[in-house]
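The first residue of the sequence shown is numbered 1, and numbering continues consecutively from there.
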Amino acid sequence: MAWVLKMDDATIESGLVHDFDASLSGIGQELGAGAYSMSDVLALPIFKQEDSSLPPENETKNPPFQYVLCAATSPAVKLHDETLTYLNQGQSYEVRMLDNRKPGELPELNNKMVKSIVRVVFHDRRLQYTEHQQLEGWKWNRPGDRLLDIDIPMSVGIVEPKTHPSQLNAAEFLWDLNKRTSVFVQVHCISTEFTPRKHGGEKGVPFRIQFDTFALGDSGDYTEHLHSASCQIKVFKPKGADRKQKTDREKMEKRTAQEKEKYQPSYDTTILSECSPWPDNAYTSTNQAATLSFASTPLSTYTTSSVLDSDSSSPNHQADPGSHVNSEQLSPTASIQDTQKWLLKNRFSSYTRLFSNFSGSDLLKLTRDDLVQICGPADGIRLFNALKSRSVRPRLTVYVCKESLQESPLLDRHSTNENGEHCLSSGLHVYHALYLEELTAAELIRKMACVCSIPLGTINQVYRQGPTGIHILLSDQMVYNFPDESCFLISTVKDESGEGLHLILK
């Protein structure tokens, strides 16, 4: 026997309303004032998924490639700052090369190889300006070593890996987009090697690992730029990165919950962020001796063909006043063609097409934020400083004066004229400022010969007058240890043949 329960619609509706009211009656009774925070509310999953509900047209465009460095990020980085990753010197780190293209995106790359160039470069703008000198100095201290290497046995899916002897901080390889690819890189330079040594415990400089990927162009070479990305790193001696990561983690554990909210969490891997391509005129090592060479160079090598304009290293050096293409400063009246030439001369060739319709005044009107947004942080700041003509201080300044043959340097600088008035004596010594960048004897001799109007080919030896009047042969090491703003009187003495000269610095 079946029982049938009959209820009219009104009874059912009233029962549902009663049950719904009862289910809501307890909400809010256990929550007092201040029992919740807005950060807790925003942390709910419904708010985290808010971005995914946006219309497709508002979504951020994903890059075609992605590079993932398998090393943990530091937990001691503030929320809106760039991530920082610590690496051990010489240790192999995996970088996963991921094809991130959507279906139908860049179909010309299907079943084809691409070339990637990996570099380790300076993060600080100050060191980017002097990259060549810094890396040449590192090469001189570490002969035969490289700043960056690829661990070929551990790498997967790479083809034709190459390292050029002239590019110690870069390596390149080909890889197939359809295959799993991981390249293992080793960084051999440490951050403190480029820090001025003072009393120990100096803070190391940050580097960047950058990948630039190219497709095969019409010329048959991999010249068509596709994508670039980089991340900030610091390199420590072996096991130093692990200790630094542990120290940062312990510091963060001691902070309050409110302070922790201002910092990023530490992630197991580092995702490289998109950036501007590295300039074509990257660092290339020369076969010459390092800049800071301490060996004495024979003066016979200082030929007139090696003479440079002594004012070229001066902070106040200016080009032809009639030209708007001064490498130091861009004139507001510069035409579009002059602006293009200025960009090329100042190592901004990657942006000549971008600024193809900009005159000098157009470029000078851009703010620092505008340039950073257009060119990226590194090149944007460098271009802004170049437009504002911020000169780089010379490494050493020396003041020299050619000693007069008629007057002794010990003569009084004042005399009395016929009216009994004091006036300057003809024996007053006027000094010239020499700005040195290479800190070598050759550079100092070239510039002394220029300001003193002495033919360079007639100089045989240069001495510095030492204690008790002894003559010490000038060398690179002596110039390197000159105090800044040293003053010298230059005396000339003919050699035994009577045709050449010896210079004596007093």
**Student:** Are there more than 12 heavy atoms of other residues, nucleotides or ligands under 6.0 Å from atom CZ of Arg101?
**Tutor:** yes
**Student:** Using a cut-off of 6.0 Å, state whether more than 12 heavy atoms not belonging to Glu108 lie near its atom CD.
**Tutor:**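 For Glu108, atom CD is crowded (more than 12 foreign heavy atoms under 6.0 Å).
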**Student:** Could you tell me whether the side chain of Glu224 and the main chain of Phe214 form a donor-acceptor pair under 3.5 Å?
**Tutor:** no
**Student:** Measure the spacing between CG of Leu79 and CD of Gln264 and express it to the nearest 0.5 Å.
**Tutor:**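 Spacing of CG (Leu79) from CD (Gln264) equals 6.5 Å.
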**Student:** Mind checking whether Tyr67 and Phe211 have parallel, tilted or perpendicular rings, split at 30° and 60°?
**Tutor:** parallel
**Student:** Is a side-chain N or O of Asp149 found less than 3.5 angstrom from the main chain of Gln186, in a donor-acceptor match?
**Tutor:** no
**Student:** Calculate, to the nearest 0.5 Å, the distance between atoms CG and CG belonging to Leu383 and Leu363 respectively.
**Tutor:** 5.5 Å
**Student:** Report the distance from atom CG of Leu148 to atom CD of Gln167, rounding to the nearest 0.5 Å.
**Tutor:**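 That separation rounds to 11.0 Å.
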**Student:** Is the shortest heavy-atom distance from the side chain of Val77 to the side chain of Thr83 under 4.5 Å?
**Tutor:**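 Heavy-atom side-chain distance check fails, nothing below 4.5 Å.
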**Student:** Between Asp379 and Ser276, does any side-chain donor sit less than 3.5 Å from a side-chain acceptor?
**Tutor:**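 No.
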**Student:** Can you tell me if Gln245 uses its side chain to pair, donor with acceptor, with the backbone of Ala241 under 3.5 Å?
**Tutor:** no
**Student:** Atom CG of residue position Asp484 - does it have more than 12 heavy atoms of other residues, nucleotides or ligands inside 6.0 Å?
**Tutor:** yes
**Student:** Mind listing the closest non-hydrogen atom pair of Phe184 and Ser155 along with its distance?
**Tutor:** N-OG, 3.1 Å
**Student:** So, Asn88 side chain and Gly240 main chain: donor-acceptor pair closer than 3.5 Å or not?
**Tutor:** yes
**Student:** Is there a side-chain contact between Cys375 and Phe348 (heavy atoms, below 4.5 Å)?
**Tutor:**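 Side chain of Cys375 against side chain of Phe348, heavy atoms only: no contact under 4.5 Å found.
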**Student:** Would you say the side-chain atoms of Arg382 pair up with the backbone N or O of Arg347, donor to acceptor, closer than 3.5 Å?
**Tutor:** yes
**Student:** Do you know which two heavy atoms are closest between Gln210 and Pro277, and how far apart they sit?
**Tutor:** NE2-C, 3.8 Å
**Student:** Above 12 or not: heavy atoms from other molecules or residues under 6.0 Å from CG of Asn110?
**Tutor:** yes
**Student:** Between Glu443 (side chain only) and Glu438 (backbone N and O only), is there a donor and an acceptor less than 3.5 Å apart?
**Tutor:** yes
**Student:** Could you state the interatomic distance from CD1 (Ile150) to CZ (Phe173), rounded to the nearest 0.5 Å?
**Tutor:** 5.5 Å
**Student:** Less than 4.5 Å apart, side chain to side chain, heavy atoms only: is that true for Lys139 and Leu168?
**Tutor:**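 Yes - at least one pair of side-chain heavy atoms lies under 4.5 Å apart.
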**Student:** Judged by atom type as modelled, is there a donor-acceptor pair below 3.5 Å linking the side chain of Arg146 to the main-chain atoms of His164?
**Tutor:** yes
**Student:** Might you confirm whether atom CZ of Arg180 has over 12 heavy atoms from other residues, nucleotides or ligands at distances under 6.0 Å?
**Tutor:** no
**Student:** Would you tell me whether Ser116 and Thr213 have side-chain atoms, one donor and one acceptor, within less than 3.5 Å of each other?
**Tutor:** yes
**Student:** Quick one: does Arg255's side chain get under 4.5 Å of Lys262's, heavy atoms only?
**Tutor:**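 Contact flag for Arg255/Lys262 side chains = no.
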**Student:** Which pair of heavy atoms, one from Ser356 and one from Gln340, lies closest together, and at what distance?
**Tutor:**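 Minimum heavy-atom contact is CA-NE2, 3.4 Å.
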**Student:** May I ask you to check whether over 12 heavy atoms, not counting those of Asp81, lie within 6.0 Å of atom CG?
**Tutor:** yes
**Student:** Does the pair Lys244/Asp248 count as a salt bridge with the N-to-O cut at 4.0 Å?
**Tutor:** yes
**Student:** Mind checking whether Glu193 and Asn141 have side chains closer than 4.5 Å, heavy atoms only?
**Tutor:** no
**Student:** So which atom in Cys231 and which in Thr270 form the shortest heavy-atom distance, rounded to 0.1 Å?
**Tutor:**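 Between these two residues, the closest heavy atoms are CB-CG2, 4.0 Å.
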**Student:** Could you check whether Asp212 and Ser228, counting side-chain N and O atoms only, form a donor-acceptor pair closer than 3.5 Å?
**Tutor:**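 The criterion, which ignores hydrogens and geometry beyond distance, is satisfied for Asp212 and Ser228.
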**Student:** Got a donor-acceptor contact below 3.5 angstrom from the Thr256 side chain to the Glu259 backbone?
**Tutor:**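 Yes; at least one donor-acceptor contact below 3.5 Å.
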**Student:** Nearest heavy-atom pair of Arg208 and Ile233: which atoms, and what distance?
**Tutor:** N-CG1, 4.3 Å
**Student:** Kindly indicate whether the side chain of Tyr263, heavy atoms from C-beta on, has any atom under 4.5 Å from the side chain of Lys78.
**Tutor:**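 Tyr263 reaches Lys78 side chain to side chain.
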**Student:** Supply the atom-to-atom distance Ile190 CD1 to Gln89 CD, rounded to the nearest 0.5 angstrom.
**Tutor:** 5.5 Å
**Student:** From Phe355 CZ over to Trp342 CH2, what is the distance, rounded to the nearest 0.5 angstrom?
**Tutor:** 9.5 Å
**Student:** Considering all heavy atoms of both residues, which atom of Thr269 and which atom of Thr73 are nearest to each other, and what is their separation?
**Tutor:**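 Residues Thr269 and Thr73, closest heavy atoms: O-CG2, 3.9 Å.
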**Student:** For the pair Glu82 and His123, evaluate side chain to side chain contact (heavy atoms under 4.5 Å, CB included) and give the outcome as yes or no after the intermediate values.
**Tutor:** CA-CA 12 Å; Glu82 185 181 8; His123 174 77; 3.9 Å; yes
**Student:** Are side-chain heavy atoms of Val95 and Val118 found at a separation under 4.5 Å?
**Tutor:** no
**Student:** When you look at Leu177 and Phe65, which way does the side chain to side chain contact (heavy atoms under 4.5 Å, CB included) test go after all the steps?
**Tutor:** CA-CA 10 Å; Leu177 300 179; Phe65 304 103; 3.4 Å; yes
**Student:** Give the C-alpha distance, both sets of side-chain angles, the deciding distance and a yes or no for side chain to side chain contact (heavy atoms under 4.5 Å, CB included) between Leu87 and Phe207.
**Tutor:** CA-CA 11 Å; Leu87 304 183; Phe207 300 120; over 6 Å; no
**Student:** Is it the case that over 12 heavy atoms from other parts of the model lie below 6.0 angstrom from the NZ atom of Lys260?
**Tutor:** yes
**Student:** Hey, mind stepping through Ile381 and Arg368 against side chain to side chain contact (heavy atoms under 4.5 Å, CB included) and telling me if it holds?
**Tutor:** CA-CA 7 Å; Ile381 294 173; Arg368 182 179 183 272; 3.4 Å; yes
**Student:** For residues Trp278 and Ile117, determine if any side-chain heavy atom of one lies less than 4.5 Å from a side-chain heavy atom of the other.
**Tutor:**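 Trp278 does not reach Ile117 side chain to side chain.
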